[in-house]
Amino acid sequence: VKSCNYLMNHLTVNGKFDMAISIYHQLKKGGWSPNVFTYTILIKGYCGQKKLVEALDLLKEMIELGITPDDFTYATFIEGLCLHGGSDQGYMFLQQCREEGSPISTFCYNAVIRRFCDEMKLQNAEDVLHDMGRHGVRPDSYCYSSLIRGYCKTGDVQKAQALHDEMVSEGIKTNCFVVSSIIDSLCKTGLAEGAIDMFQEFKDSGLFLDQVAYNNVIDALCKMGKVEAALKFFNEMKSRMVPDTKNYTTLLNGYCLQGKLEDALSVFEEMLEMGLEPDSITYNVLAAGLSRNGFPLDAVRLLNDMENKGVKADSSTHSNIIKGLCGGGKVMEAKAFFDGLEEKGIDTN
RNA sequence: UCGAUAGUGUACACGUA
């Protein structure tokens, strides 16, 4: 049964839920009894297909069969309900289950909070956060993270920071996910200096800051034109961990923005030497840099090269190519390229 | 490790002024 569950789960998350169901039927035919995991996976699958009725039927069925759903099971169904029936409905269901004495853990509250945040109903999310405490379930960093990120999205970094303070004062450990959300939001609301201070502060406090956190400050510095400062952080990061494609792309962009093509190219080469695969964004950044700084046709060449290497072009690539061709005086080619896209049915918005 | 959840990089267009 364990192996079947494993397989069914993988099929489900890869969009082959029908196959998972047929495994389930074979399992039952073979006289095996599905367990809580099996049912939870199936409920997840039905929720993914918006088939909430079927999901709920399974929940009832397992109870009748004496297989007691646990908090994962409830969380899975609640999340589906939030997603397809609205978070208000999901929360109502949670409350109902809670009154019936079903196991409602932080995972369940988490789902509701996250979905309320996705709907930008931040006040509702916060109410749930405080409500769970009254029912004896301690919020964790995931709960706060969703909410903090929600406020970051609205640009209310103050509120986000207040929540972060609240979280820490509740004795919940912070981590680089939460911190980097705030750092990024500070950067993007023009408070990069504060962001960098915060970064240093947490680093000095011994908190592990990963590639994403580093990238937040590297990007902010690059966008301010302070590539040299960005490079310092980049090197510091390199001494602690392996930079990823996004880190290299960010720094590459920094050099391109300054028109420092030589440096940009050497970053690109270093990245290749490190064995990292540039993705379409890396290529787009470099191409835009080349184009903007007087080498439009090289940009076009680079992007063709990219497609030859099997990296898929996106709409940004296309507009870079068109711009490159126009900038290189090859307006007719640009038009031909554009028409070619339309013929292939590619959205040229 | 048989089941759930959070953060970062590119162009353009758009909307408000």
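Chain letters run A, B, ... following the sequence lines, proteins first and then strands; every chain starts at 1. Because the structure is a prediction, the values reported are computed rather than measured.
Stacking of the aromatic ring of Phe72(A) onto the base of G3(B) is found: the ring centres lie under 5.5 Å apart and the planes are inclined by under 30°. Stacking of Phe177(A) onto the six-membered ring of G7(B) is not present when judged by under 5.5 angstrom between centres and under 30° between planes. A distance cut-off of 5.5 Å between ring centres, combined with a plane angle under 30°, leaves Tyr6(A) outside any stacking arrangement with the base of C2(B).
Among the nucleotides G7(B), G3(B), A6(B), the one closest to the side chain of Asn9(A) is G3(B). Checking U8(B), U10(B), A11(B) against the side-chain heavy atoms of Asp184(A) singles out U8(B) as nearest. Proximity note for Val36(A) (side chain, C-beta onward) versus C2(B), G3(B), U10(B): the nearest is G3(B). Taking every side-chain heavy atom of Val285(A) into account, U10(B) is the closest of U10(B), G3(B), G9(B). The nucleotide whose nearest atom lies closest to any side-chain atom of Val212(A) is, among G7(B), U5(B), G9(B), G7(B). Checked against U10(B), C2(B), A6(B), the side chain of Asn5(A) finds its nearest nucleotide in C2(B).
Taking 4.0 angstrom as the limit, Arg149(A) places a side-chain polar atom (N or O) nearer than this to OP1 or OP2 of U8(B). Contact check, Lys188(A) against G9(B): a side-chain N or O comes under 4.0 Å of OP1 or OP2. Contact between the side-chain N/O atoms of Arg114(A) and the OP1/OP2 oxygens of A6(B) is not found at any separation under 4.0 Å.
Using a 4.0 Å heavy-atom cutoff across all strands shown, Thr317(A) reaches no nucleic acid atom at all. Ser146(A) comes within contact range of no nucleotide atom at all, as no heavy-atom separation falls under 4.0 Å. Nucleic acid contact class of Asn175(A) (heavy atoms, under 4.0 Å, all strands): base. Across all strands shown, Ala213(A) has heavy atoms under 4.0 Å from base atoms, whether or not it also approaches the sugar-phosphate. Base engagement by Cys176(A) is indicated by at least one non-hydrogen atom pair under 4.0 Å involving a base atom. If you check every strand for non-hydrogen atoms under 4.0 Å, Ser280(A) touches nothing. Among the heavy atoms of the strands lying under 4.0 Å from Asn110(A) is at least one base atom, whether or not backbone atoms are also near.
At whole-Å resolution of the value, CG in Leu7(A) and P in G3(B) are 12 Å apart. Residue Ile183(A) contributes atom CD1, which lies 15 Å from atom P of G7(B) at whole-angstrom precision. Straight-line distance from the CD1 atom of Ile322(A) to the P atom of A11(B): 16 Å, rounded to whole Å. The interatomic distance linking Phe208(A) (CZ) with U8(B) (C1') rounds to 14 Å, in whole Å. Atom NZ in Lys223(A) sits about 10 Å away from atom C1' in U8(B), given to the nearest Å. Rounded to whole Å, the distance from CG on Asn320(A) to C1' on C12(B) is 9 Å. Between the CG atom of Leu27(A) and the C1' atom of G3(B) there is a distance of 15 Å, rounded to whole Å. Rounded to whole angstrom, the span from the CD1 atom of Ile172(A) across to the P atom of A6(B) amounts to 18 Å.
Contact annotation: side chain of Asp314(A) to base of A11(B), donor-acceptor pair absent below 3.5 Å. Evaluation of atom-type donor-acceptor distances gives no pair under 3.5 Å for the side chain of Asn216(A) against the base of U8(B). Residue-to-nucleotide contacts include no donor-acceptor pair under 3.5 Å from the side chain of Thr250(A) to the base of G9(B). A donor-acceptor contact under 3.5 Å is not formed by the side chain of Thr38(A) with the base of G3(B). Residue-to-nucleotide contacts include a donor-acceptor pair under 3.5 Å from the side chain of Asp70(A) to the base of G3(B). For Asn247(A) against G9(B), no side-chain N or O and base N or O form a donor-acceptor pair under 3.5 Å. Judged by distance alone, with hydrogens and angles left aside, Ser181(A) brings no side-chain donor or acceptor close enough to the base of G7(B) to form a pair under 3.5 Å. A donor and an acceptor atom never sit less than 3.5 Å apart when one is taken from the side chain of Ser145(A) and the other from the base of G7(B).
Aromatic ring pairs are classed by plane angle as parallel below 30°, tilted from 30° to 60° and perpendicular above 60°; the pair Tyr74(A) and Phe93(A) is tilted.
Ion pairing between a basic and an acidic side chain is recognised when a charged N comes within 4.0 Å of a carboxylate O; Glu54(A) and Lys60(A) show no such pairing. A salt bridge is absent between Asp118(A) and Arg114(A); no separation between the charged side-chain nitrogens and carboxylate oxygens falls under 4.0 Å.
Aromatic rings of Tyr46(A) and Phe17(A) (six-membered ring for Trp) have centroids within the 6.0 Å cut-off, being under it. Aromatic ring centroids of His164(A) and Phe177(A) lie 6.0 Å or more apart.
Under the 4.5 Å side-chain heavy-atom criterion for Ile, Leu, Val, Met, Phe, Trp and Tyr, Met306(A) and Ile321(A) are members of the same hydrophobic cluster.
A side chain to side chain contact (heavy atoms under 4.5 Å, CB included) with Tyr255(A) is found for one member of Leu265(A), Leu261(A), Leu286(A), Leu231(A) and no other, namely Leu231(A).
For the residue pair Tyr248(A) and Asn253(A), no side-chain donor N or O sits within less than 3.5 Å of a side-chain acceptor on the partner.
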